[in-house]
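As structure tokens, the structure follows; a few thoughts come after it.
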Amino acid sequence: YLNGESKPFAPTQQDYQKVYDEIAARLANETDYDDGSYGPVLVRLAWHASGTYDKETGTGGSNGATMRFAPESDHGANAGLKQARDFLEPVKAKFPWITYSDLWTLAGSAAIQELGGPVIPWRPGRADKDVAGCTPDGRLPDAAKDHSHIRDIFGRMGFDDREMVALIGAHALGRAHTDRSGYEGPWNFSPTVFTNEFFRLLVEEKWNKRKWNGPAQFTDKSTGTLMMLPADMALVKDKGFKPHVERYAKDSDVFFKEFSDVYVKLLELGVPFQSKPEDRFVFKTSE
Ligand code: DDH
């Protein structure tokens, strides 16, 4: 067996907490990256691993970690996520009993908590698949598109309007990179802290089309240093989405609660758990 003992190793919540702690320690130590944290790109890895889910066919989702393989690793939407996968390799080496699918989703949960976000209860149960499990290209959202595209993509995963808006609030974290998506810049001034700033700025700031040679994106009138994607702006143009943007802009607690619920749901799409929802672990955040 993997742990060198004669009985099969059945990891407990404590064992998974050790994995969490290792990820948290690496996040604290590896600050020579982007805005000082790998956290945002870990959140995106967990999302892109999960967001391929199709409720009709039951295919895709976090169960499989098929982004390890081409063609899925080469899908345009996944550009840059090798940084996140490589960041987690030493964790996998230290805890070889965890599947990549569990590790990537646990890392998403850990990153949100370590960056000051809500608790993201998590449970194990994902198995890795081989290259044959790769999902077709085109299942993740296209930033150049509008509200109807967002509803198509997230509707296919089984989410409603409120859940779609809450999920996209993850754009409080991180930034766009010209060498990955072609877009450029952070959504707010604290891209390594989980907040409701994305929504507040979406509502309160004036956003103009950026004048540049890159893809169409928006920039804030006040400083010209922040950005919104066309798909972000769709959230304030659409009647079904906008009320939720306004609720989250006004009330950070409500956003944290609703984000936690929907991110948990995202990470569990299509996973054949033996455990029950009430068996989820709540990990201790580092000091
Ligand atoms: Fe996103 N996202 N995302 N996103 N996303 C990008 C970065 C990050 C879209 C497009 C982009 C979600 C939804 C959408 C994060 C989390 C989440 C980038 C920039 C693009 C483009 C990539 C780059 O250049 O590095 C679109 C379109 C949608 C949509 O819904 C219509 C959701 C649901 C999440 C989530 O986590 C639940 C995070 C975090 C980042 C920052 C990554 C980084 O490296 O920093």
Side-chain angles (χ1 to χ4, degrees), residues 27 33-53 62 75-87 104-105 107-109 111-112 114-115 117-118 120 138-157 159 161-188 190-195 197-198 202 214-218 227-238 241 244-245 248 255 258-269:
L27 283 176
Y33 172 79
D34 255 9
D35 300 294
S37 176
Y38 277 90
V41 80
L42 294 182
V43 172
R44 191 165 199 239
L45 174 66
W47 139 237
H48 279 205
S50 309
T52 55
Y53 183 64
S62 64
H75 289 169
N78 291 332
L81 293 181
K82 186 174 189 306
Q83 299 271 352
R85 297 194 299 273
D86 288 351
F87 175 88
W104 291 357
T105 50
S109 150
I112 303 260
E114 292 298 309
L115 298 177
I120 308 291
R139 287 198 177 182
L140 292 162
D142 179 342
K145 295 200 170 148
D146 64 4
H147 54 97
S148 58
H149 174 72
I150 296 174
R151 279 205 185 85
D152 286 349
I153 293 282
F154 286 89
R156 189 207 66 228
M157 296 174 221
F159 292 115
D161 281 8
R162 182 183 63 85
E163 294 173 312
M164 296 178 202
V165 176
L167 275 174
I168 298 168
H171 283 173
L173 296 175
R175 60 169 55 243
H177 307 75
T178 47
D179 59 340
R180 298 182 187 178
S181 60
Y183 298 96
E184 185 184 33
W187 287 268
N188 70 86
S190 54
T192 63
V193 186
F194 191 92
T195 63
E197 278 294 283
F198 169 77
L202 203 45
Q217 67 175 59
F218 295 81
M227 74 111 197
M228 288 286 168
L229 303 166
D232 298 320
M233 297 305 293
L235 300 182
V236 278
K237 286 190 202 139
D238 181 89
F241 292 148
H244 300 294
V245 173
Y248 298 146
F255 169 54
E258 296 188 12
F259 178 83
S260 172
D261 290 347
V262 69
Y263 196 73
V264 167
K265 184 171 165 182
L266 172 73
L267 301 190
E268 296 193 348
L269 292 174

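When reading the values below, keep in mind they use all heavy atoms of this one structure, side chains included, and skip hydrogens, waters and symmetry mates. All values derive from a computational prediction rather than experimental measurement. All ligand and atom numbering here is 1-based and tracks the order in the structure.
Formation of a donor-acceptor pair under 3.5 Å by the R139 side chain with backbone atoms of Y53 is not found in this model. A distance-only check finds no donor-acceptor pair linking the side chain of H48 to the backbone of L140 [under 3.5 Å]. Judged purely by atom type and a 3.5 angstrom limit, S109 uses its side chain to pair as donor or acceptor with the backbone of I120.
Qualifying ring-ring contact (aromatic ring centres under 6.0 Å, His included) partners for Y263, counting only residues two or more places apart in sequence or in other chains: F259.
Applying the 4.0 Å criterion to heavy atoms of W187 picks out, from ligand 1, the atoms 6 (C), 7 (C), 8 (C). Atoms of ligand 1 found under 4.0 Å from any heavy atom of A176 (numbered from 1 in listed order, with element): 19 (C), 23 (C), 24 (O). Contact atoms of ligand 1 toward S181: 19 (C), 21 (C), 22 (C), 23 (C), 24 (O) (distance under 4.0 Å to a heavy atom of the residue). Those atoms of ligand 1 with a heavy atom of R180 less than 4.0 angstrom away are 23 (C), 24 (O), 25 (O), 44 (O).
By the 3.5 Å distance cut-off applied to N or O atoms, R175 is counted among the residues near ligand 1. Any N or O atom pair closer than 3.5 Å counts here, and D34 shares no such pair with ligand 1.
Side chains of H149 and D142: a donor-acceptor N/O pair is absent below 3.5 angstrom, by distance only.
Here the heavy atom of the protein found nearest to atom 44 (O) of ligand 1 is H177 CE1, 3.4 Å. Looking only at heavy atoms of the protein, atom 39 (C) of ligand 1 is closest to P40 O, 3.3 Å. Of all protein heavy atoms, the one lying nearest to atom 37 (C) of ligand 1 is L167 O, 3.4 Å. Counting protein heavy atoms only, atom 41 (C) of ligand 1 is closest to L173 O, 3.6 Å.
Heavy atoms of F159 stay at 4.0 angstrom or farther from ligand 1. For D142, the heavy-atom gap to ligand 1 drops under 4.0 angstrom.
In this structure, CE in M157 is found 11.0 Å from CG in D152, a value given to the nearest 0.5 Å. Here the CG-CZ distance, from D161 to F241, works out to 5.0 Å after rounding to the nearest 0.5 Å. Taken to the nearest 0.5 Å, the CD atom of Q83 stands 8.0 Å off from the CG atom of D34.
Ring pair F255/F194 is parallel by interplanar angle, where below 30° counts as parallel and above 60° as perpendicular.
Screening V193, L173, L42 for a side-chain contact (heavy atoms from CB on, under 4.5 Å) with L115, the sole residue that qualifies is L173.
At a heavy-atom distance under 4.0 Å, no atom of Y33 approaches ligand 1.
Taking a cutoff of 4.0 Å between a charged side-chain nitrogen and a carboxylate oxygen, D238 and R151 qualify as a salt bridge.
For atom 1 (Fe) of ligand 1, the set of protein N/O/S atoms nearer than 2.8 Å consists of H171 NE2, ordered by chain and number.
Contact check for L202 versus M233: side-chain heavy atoms found under the 4.5 Å cut-off.
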